[in-house]
Amino acid sequence: MSGRATSTPGGKPPLYKIVMLGDSGVGKTSLVARLTNPDRPLNHDISATMGIEFDTQMLDTPQGKVKAQIWDTAGQERFARVLLPTYFRKAKGVILVYDITNAKSFESLSERWMAQLNDHSNADDLAKLLVGNKSDLDGSREVSQEKASAFCQEYGMEFLETSAKSGDNVLKAFEKLIGIVHDRALNAQSKNKGGSAPAAGLKGVGGTGGGGGQKEEDTDGTVKLDDGSAPAGGDPNGCGGC
Ligand code: G3D
Ligand code: MG
């Protein structure tokens with residue numbers, strides 16, 4: 001490990017795409033909103049009726065600043081079958097979210113979401129983090145931390161409980177995942193000396209970081225999709241036959 005942050009040729013921090021996965025209602029959108037607008041109370045402004053949305057956020061890692069482009073299913077988890085290939089395309093990390101007060105949302109991770117991950121991405125190449133959200137509702141807990149830890153061991157990932165409501169552990173969760181992603185990119189880069197980009201296929205972004213509302217920067221600052229599709233620009237009713 002070099003201990004030195006990589007950057008794009010212009011000195012900009014590297015950009016990594018990460019995706020939120022989990023049942024509807026577990027708090028994925030709230031977690032992203034809490035990260036990008038920590039002072040804003042929980043609301044659904046970020047979540048439009050489109051199939052996919054993303055937001056960007058500058059984050060600190062032990063190896064320097066990086067920018068995370070965080071994709072969210074924007075309220076239409078059932079669209080998944082149609083849009084999942086686009087959703088996972090070039091993703092470097094995934095946050096698997098369940099609701100600690102909802103056992104079914106935890107079971108869905110192994111019954112549904114891990115299978116989707118394996119079908120639509122090279123799961124081994126993705127850094128993964130398990131997040132049990134709504135930790136403020138501990139009195140209504142249905143999923144023990146032991147159960148969650150066992151899941152993590154089985155699938156090889158780390159685990160944190162968060163509350164998008166109080167903000168507890170939210171920044172830590174995103175920083176943990178992006179730290180793993182960045183480490184992997186640095187390792188791959190040092191193995192593959194001479195490579196120019198910190199994460200293959202990703203374009204660095206400038207900007208000031210922080211704050212939400214950067215969804216328009218897809219022309220100059222987001223993951224460039226070869227097929228030209230934009231995350232929030234697809235068919236708003238892209239559920240197709242699902
Ligand atoms: P999703 O994007 O995974 O579908 P949302 O989930 O972010 O839309 O959140 C679903 C509901 O859970 C919302 O309530 C939201 O306010 C609530 N929520 C999200 N995170 C937390 C949390 O950490 N603690 C608590 N107590 N509630 C949370 P509504 O009532 O608006 O549907
Ligand atoms: Mg949502």
Side-chain angles (χ1 to χ4, degrees), residues 17-57 68-84 86-88 91 93-114 116-117 128-145 148 151 157 159-177 212-215 231-239 242:
K17 172 180 171 180
I18 66 176
V19 300
M20 307 295 290
L21 265 196
D23 280 1
S24 187
V26 296
K28 300 180 299 298
T29 302
S30 302
L31 286 165
V32 179
R34 172 62 73 178
L35 175 77
T36 54
N37 293 284
D39 298 327
R40 196 171 69 183
L42 278 188
N43 66 47
H44 293 276
D45 286 357
I46 190 177
S47 181
T49 52
M50 303 293 225
I52 301 174
E53 278 203 335
F54 68 90
D55 215 333
T56 54
Q57 178 70 38
Q69 184 185 77
I70 306 157
W71 289 44
D72 181 23
T73 49
Q76 290 196 27
E77 282 73 2
R78 295 189 67 76
F79 80 120
R81 217 150 290 162
V82 177
L83 293 184
L84 274 177
T86 303
Y87 198 58
F88 285 121
V94 56
I95 297 189
L96 288 145
V97 188
Y98 68 94
D99 171 353
I100 68 157
T101 72
N102 180 346
K104 168 115 192 17
S105 72
F106 181 72
E107 283 149 24
S108 279
L109 295 180
S110 43
E111 287 168 8
R112 178 178 180 196
W113 296 113
M114 287 308 294
Q116 304 276 23
L117 256 186
K128 300 184 234 17
L129 179 72
L130 178 67
V131 162
N133 189 41
K134 308 197 186 180
S135 61
D136 56 291
L137 300 177
D138 196 45
S140 310
R141 176 187 290 275
E142 288 185 3
V143 184
S144 68
Q145 295 192 343
F151 178 90
M157 61 182 88
F159 165 57
L160 271 181
E161 287 193 349
T162 60
S163 169
K165 186 170 185 181
S166 71
D168 196 34
N169 269 348
V170 174
L171 177 61
K172 192 171 170 188
F174 285 97
E175 284 185 344
K176 193 182 249 296
L177 179 72
Q214 299 182 52
K215 288 183 277 299
D235 174 6
N237 302 311
C239 186
C242 60

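Only heavy atoms go into these numbers, but all of them, side chains included; no hydrogens, no water, no symmetry mates. In each ligand, atom 1 is the first atom listed, and ligand 1 is the first ligand listed.
- F106 is not listed as a side-chain neighbour of E142, based on a closest heavy-atom distance of 4.5 Å or more.
- Taking 4.5 Å as the limit, every side-chain heavy atom of Q116 sits out of range of all side-chain heavy atoms of Y87.
- Only one option out of V97, L117, D72, I95 pairs with L21 in a side-chain contact (heavy atoms from CB on, under 4.5 Å); it is L117.
- Within ligand 1, the atoms closer than 4.0 Å to a non-hydrogen atom of A164 are 20 (N), 22 (C), 23 (O), numbered from 1 in the order shown.
- Annotation: side chain to side chain donor-acceptor pair (under 3.5 Å) contacts of T162 (sequence neighbours excluded): N133.
- Taking every heavy atom of V26 and a limit of under 4.0 angstrom, the matching atoms of ligand 1 come to 3 (O), 6 (O).
- In this model, a donor atom of one side chain and an acceptor atom of the other lie less than 3.5 Å apart for T101 and D99.
- Between T29 and ligand 1, at least one pair of N/O atoms sits closer than 3.5 Å.
- Evaluation of the side chain to side chain contact (heavy atoms under 4.5 Å, CB included) rule for E161 yields Y98, I100, S135, R141, Q145, F159 as partners, not counting sequence neighbours.
- In this structure, the side chains of W71 and F88 stay at 4.5 Å or more apart for every pair of heavy atoms.
- Here's the thing with D72: none of its N/O atoms is less than 3.5 angstrom from an N/O atom of ligand 1.
- Listed by number with element, the atoms of ligand 1 under 4.0 angstrom from any heavy atom of S24 are 4 (O).
- Which parts of ligand 1 touch L137 is read off a 4.0 Å heavy-atom cut-off, strictly below it: atoms 26 (N).
- Within the structure, the closest approach of V97 to ligand 1 does not fall below 4.0 Å when heavy atoms are considered.
- No N or O atom of S135 sits closer than 3.5 Å to an N or O atom of ligand 1.
- At least one donor-acceptor pair under 3.5 Å links the side chain of K28 to the backbone N or O of D23.
- Heavy-atom proximity to D136, at under 4.0 Å, picks out these atoms of ligand 1: 22 (C), 23 (O), 24 (N), 25 (C), 26 (N).
- Against a heavy-atom cut-off of under 4.0 Å, D23 is close to the following atoms of ligand 1: 3 (O).
- In summary, an N, O or S atom of T29 is located under 2.8 Å from the Mg ion (ligand 2).
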